[in-house]
Amino acid sequence: MRRHDLVVIGSGSGNMVVSDEFADLDVAIVEATEFGGTCLNRGCIPTKMFAYTAEVADTVRDSATWDVGAQLDGIAWPALRDRVFGRLDPIAAEGRKGREDSDVTVYAGEARFTGPHTLVVDLHDGGSAEIEADRIVIAAGARPVVPPPVQESGLPFHTSDTVMRLDQLPRRLAVLGGGYIAAELAHVFHSAGSEIVMIDMAEELLGPQDESISAAFTEIARERYELHLGHEVTAVEGAPGALRLRLDDDTVIEADTLLVVIGRTPNGDSLDVDAAGLETHDDGRVAVDAAGRTSVDGVWALGDVSSPVQLKHVANREAEVVTHNLLHPDDLREVDHDLVPAAVFTSPQIGTVGRTEAQCRDEGLDYEVAQVDFSDVAYGWAMEDETGFCKVLAERGTGRILGAHILGPEAPTLIQPLAMAMTFDIDAAALSGRPYWIHPALTEVVDNALRQLSATADAKPGCAPRR
Ligand SMILES: Cc1cc2nc3c(=O)[nH]c(=O)nc-3n(C[C@H](O)[C@H](O)[C@H](O)COP(=O)(O)OP(=O)(O)OC[C@H]3O[C@@H](n4cnc5c(N)ncnc54)[C@H](O)[C@@H]3O)c2cc1C
Ligand SMILES: NC(=O)c1ccc[n+]([C@@H]2O[C@H](COP(=O)([O-])OP(=O)(O)OC[C@H]3O[C@@H](n4cnc5c(N)ncnc54)[C@H](O)[C@@H]3O)[C@@H](O)[C@H]2O)c1
């Protein structure tokens, strides 16, 4: 059995843990697939490269809106795919080589626990390696959930892991799921020329978002896609390239390609975490405390395998905290998940932070709502935007910002000042009244929403309080 000082399982956010500060230690990384994890190879980064292209195409398609004469000849799918992965695949390969050329041992294979501090790695070259370490970091991520009717059909389907590498654009793409990935990839394929039919068991798309956002987004999507909401697929029939999806109301949907995006399950089960005696939650996440410690001494976990929030900026933060804690066991840092901003890079874009209105109601908070449309501010006029809005929820009387939700161009960027204010306890009056807000930037939609709140009006925004 080979002994290491530190073993990291997973080279996504786990790779960040292996910093120069561990140079004196014998460190190993185990990676079952491409180096760099989901974000780089099949997640955040390629989806956003595709989404940006879709946005450019949409702008050309709609160019007459701004009195620009231009015609879209189409998106050259194989060229787009090759540009995206021609850039990303070498980064993954270089990441692996960089580690292999260093003092870090890289195991290419699947790790699973055989005891609290022992692992076996089923190596891709056919062999296996037994390894042990006092310190182990589990950063094995999550994988797409595939429901039984799809699995059992034996017919081909895609997940976000594979669909971006298709050789040909689907003619009619059935998207099972109406969450983050569905919203982003449906936009991409629709913009590139595919017909989209979307099925979700919930009554609205992006259900967990604030009710104003999910309602508005569902209406916009209904104009573009064929929607079947409130339904599940009970069977997949037909043949490859000519699929028939039967729904629970006996509707039959025809499509040449099926994309399954109904959520992602943590990979703890495939690591045999039970063999290590690690506690897990009912949803399969490895249980950790705020410092990233599992229930087994010396074993840590971070990212999608253990986190309640499956986002890369959260996995990055957790990796930083676990790194610090490995190096400074007497000065532990903690992660909280209270105010994580998030964005959906679809069309229109969505940015969100804090409580939804439903959560304010459920918590019995005394709150007020301010909502300003993009079409109410000068930059929104320039954009000829007709659907965007910024909604701010604040505590009545104090102006404490409880949540904020933006739908429209640049929403992922516009939400950031609101996330900062909430993080640093800056109330609505101070956020509106203290900094200058650039005129006529799109950020005026945020400032104007803040100014609508009664606590802000009472404080006469625009005048800094005397200090
Ligand atoms: C299509 C898509 C788009 C996304 N877009 C965004 C976005 O825009 N913004 C955002 O914040 N988040 C986004 N996410 C979520 C984000 O990608 C994840 O939250 C993040 O990558 C999780 O990082 P991680 O390190 O926990 O896991 P991963 O990056 O998945 O890394 C886990 C690694 O462990 C390896 N592994 C698994 N099991 C084993 C084993 N037994 N042995 C060895 N290795 C193993 C895997 O191969 C993988 O490389 C997106 C996700 C998807 C799928
Ligand atoms: N921009 C981003 O930050 C970004 C982008 C993509 C993914 N992600 C992360 O990845 C996670 C996974 O994304 P996702 O889109 O797979 O999941 P999701 O949780 O966002 O959405 C899943 C959707 O599938 C539906 N669903 C579940 N089971 C179903 C079934 N059997 N039949 C029909 N519908 C069903 C749900 O109602 C839900 O609308 C996200 O939650 C997010 O954390 C983030």
Side-chain angles (χ1 to χ4, degrees), residues 7-17 29-48 50-51 92 107-113 119 121-122 138-150 159-161 163-164 175-185 198-209 214 228-234 247-248 259-273 301-316 318-319 340-346 349-352 412:
V7 171
V8 178
I9 307 169
S11 71
S13 315
N15 194 36
M16 294 171 58
V17 172
I29 299 182
V30 191
E31 176 49 63
T33 63
E34 302 91 346
F35 225 73
T38 301
C39 176
L40 174 69
N41 293 293
R42 48 193 174 271
C44 334
I45 298 178
T47 47
K48 268 78 257 184
F50 281 100
Y107 293 98
E110 292 213 6
R112 61 194 152 78
F113 281 92
L119 296 156
V121 184
D122 296 324
I138 308 171
R143 62 183 184 279
V145 174
V146 180
V150 175
T159 66
S160 53
D161 289 354
V163 77
M164 288 179 270
V175 180
L176 181 57
Y180 271 79
I181 304 179
E184 293 185 353
L185 288 177
M198 201 182 268
I199 306 124
D200 196 294
M201 61 196 257
E203 295 293 339
E204 283 188 330
L205 301 176
L206 295 173
Q209 295 278 336
S214 45
H228 296 267
L229 300 181
H231 294 291
E232 290 185 53
V233 169
T234 54
L247 305 190
D248 50 17
L259 171 62
V260 179
V261 279
I262 59 166
R264 292 170 61 80
T265 192
N267 279 328
D269 54 354
S270 57
L271 287 168
D272 272 355
V273 289
L302 61 92
D304 285 2
V305 77
S306 53
S307 182
V309 187
Q310 292 183 338
L311 293 174
K312 181 59 174 159
H313 40 286
V314 174
N316 287 347
E318 292 174 0
V340 178
V344 193
F345 295 79
T346 179
Q349 295 182 334
I350 292 164
T352 175

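As the structure lists them, so they are numbered: ligands from 1, and atoms in each ligand from 1.
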What part of Thr33, side chain from CB on, backbone N/CA/C/O, both or neither, has a heavy atom under 4.0 Å from ligand 1?
both
For Phe345 and ligand 1, does the shortest N/O to N/O distance drop below 3.5 Å?
no
So for Ala319, does at least one of its heavy atoms come nearer than 4.0 angstrom to any atom of ligand 1?
no
Whether the Ser270 and Glu110 side chains hold a donor-acceptor pair (N or O, under 3.5 Å, no angle test) is what I'd like checked.
no
For the residue pair Glu31 and Ile9, establish whether any side-chain heavy-atom pair is separated by less than 4.5 Å.
no
Which residue supplies the protein heavy atom nearest to atom 22 (C) of ligand 2, what is that atom called, and how far is it?
Ile262 C, 3.7 Å
Near Gly177, which atoms of ligand 2 are under 4.0 Å from a heavy atom of that residue?
24 (O)
Of all heavy-atom pairs between Pro412 and Ala343, which one has the smallest distance, and what is that distance?
CB-CB, 3.5 Å
Pick, from Arg143, Glu110, Glu184, Glu31, the option with the minimum heavy-atom distance to atom 33 (C) of ligand 1.
Glu31
Atom indices of ligand 1, in the order listed, that fall short of 4.0 Å to a heavy atom of Gly109:
42 (N), 43 (C)
Out of Gly263, Ala342, Gly179, indicate the one that has the non-hydrogen atom closest to atom 17 (O) of ligand 2.
Gly263
So between Arg264, His313, Lys312, whose heavy atom ends up nearest atom 12 (N) of ligand 1?
Lys312
I need the nearest protein heavy-atom contact for atom 21 (O) of ligand 1: residue, atom name and distance, please.
Cys39 N, 3.6 Å
Ligand 1 contact on Leu311 by region, counting heavy-atom pairs under 4.0 Å:
both
Using a 4.0 Å cutoff against the non-hydrogen atoms of Leu311, which atoms of ligand 2 qualify?
3 (O), 43 (O), 44 (C)
Proximity of Thr47 to ligand 2 by residue part, where a heavy atom lies under 4.0 Å
neither
For Ile9, atoms of ligand 1 separated by under 4.0 Å from a heavy atom:
42 (N), 43 (C)
Could you report the tightest heavy-atom contact between Ala92 and Asn41, atom names first, then the distance?
CB-OD1, 3.4 Å
Backbone N/O of Ala342 and side chain of His313: donor-acceptor pair under 3.5 Å
no
Need the ligand 1 atom indices (1-based, order shown) with element for anything under 4.0 Å from a heavy-atom of Thr47.
1 (C), 3 (C)
Using the side chain to side chain contact (heavy atoms under 4.5 Å, CB included) rule, pick out the option among Thr265, Leu259, Thr159 that qualifies with Pro144.
Thr159
Among Lys48, Gln209, Glu232, Met201, the residue with a heavy atom nearest to atom 29 (C) of ligand 2 is Met201
For the residue pair Val344 and Gln349, establish whether any side-chain heavy-atom pair is separated by less than 4.5 Å.
no
Can you report which non-hydrogen protein atom sits closest to atom 12 (C) of ligand 2, along with the distance?
Arg264 CD, 3.8 Å
How far apart are the C-alpha atoms of Glu318 and Ser307, what are their side-chain angles, what is the distance that settles it, and do they pass the side-chain hydrogen bond (donor to acceptor under 3.5 Å, both in side chains) test?
CA-CA 9 Å; Glu318 292 174 0; Ser307 182; 2.9 Å; yes
If you scan protein heavy atoms around atom 27 (O) of ligand 1, the nearest is Gly141 CA, 3.3 Å
Could you check whether any side-chain heavy atom of Met198 comes within less than 4.5 Å of a side-chain heavy atom of Leu176, counting everything from C-beta outward?
no
Where is the nearest protein heavy atom to atom 37 (C) of ligand 1: which residue, which atom, and how far?
Ala140 O, 3.1 Å
Kindly indicate whether the side chain of Pro149, heavy atoms from C-beta on, has any atom under 4.5 Å from the side chain of Thr234.
no
If you define the side chain from C-beta out and look only at heavy atoms, does anything of Leu185 sit under 4.5 Å from Thr47?
yes
of all protein heavy atoms, closest to atom 4 (C) of ligand 2 is Tyr180 CD2, 3.1 Å
Any side-chain heavy-atom pair of Val8 and Asn15 under 4.5 Å:
no
Can you check whether Tyr180 reaches Gln209 side chain to side chain, under 4.5 Å on heavy atoms?
yes
For Leu271, counting its heavy atoms only, list the atoms of ligand 1 lying under 4.0 Å from any of them.
40 (C), 41 (N)
heavy-atom search around atom 8 (O) of ligand 1 in the protein gives Lys48 NZ, 2.6 Å
Heavy atom of the protein closest to atom 24 (P) of ligand 1 (residue, atom name, distance):
Ser13 OG, 3.5 Å
Around atom 37 (O) of ligand 2, find the nearest protein heavy atom and jot down its residue, atom name and distance.
Asp200 OD1, 2.7 Å
Mark the output for Arg42 as yes if a heavy-atom distance to ligand 1 is under 4.0 Å, and as no if none is.
yes
What part of Glu184, side chain from CB on, backbone N/CA/C/O, both or neither, has a heavy atom under 4.0 Å from ligand 2?
side chain
Taking N or O atoms only and a 3.5 Å limit, does His231 qualify as a polar contact for ligand 2?
no
Select one of side chain, backbone, both or neither to describe which atoms of Ala343 lie under 4.0 Å from any atom of ligand 2, heavy atoms only.
backbone
Taking atom 18 (C) of ligand 1 as the point of reference, which of Leu185, Val344, Asp304, Thr38 owns the nearest heavy atom?
Asp304
Backbone, side chain, both or neither: what part of Ala111 comes under 4.0 angstrom of ligand 1, heavy atoms only?
both
The closest protein heavy-atom partner of atom 7 (C) of ligand 2 is Ile181 CG1, 3.4 Å
Looking at atom 15 (C) of ligand 1, what's its closest protein heavy atom, distance included?
Gln310 O, 3.7 Å
Starting from atom 14 (N) of ligand 1, locate the nearest protein heavy atom and write down its residue, its atom name and how far away it is, to 0.1 Å.
Cys44 SG, 3.7 Å
How close does the nearest protein non-hydrogen atom get to atom 44 (N) of ligand 1, and which residue and atom is it?
Ala32 N, 3.1 Å
Atoms of ligand 2 less than 4.0 Å from Phe345 heavy atoms?
1 (N)
May I ask you to list the atoms of ligand 2 that are less than 4.0 angstrom from any heavy atom of Gln310?
9 (C), 11 (C), 42 (C), 43 (O)
Is any N or O atom of Ser270, backbone or side chain, closer than 3.5 Å to an N or O atom of ligand 1?
no
Answer yes or no: is there a donor N or O on one side and an acceptor on the other, between the side chain of Glu184 and the main chain of Ala51, under 3.5 Å?
no
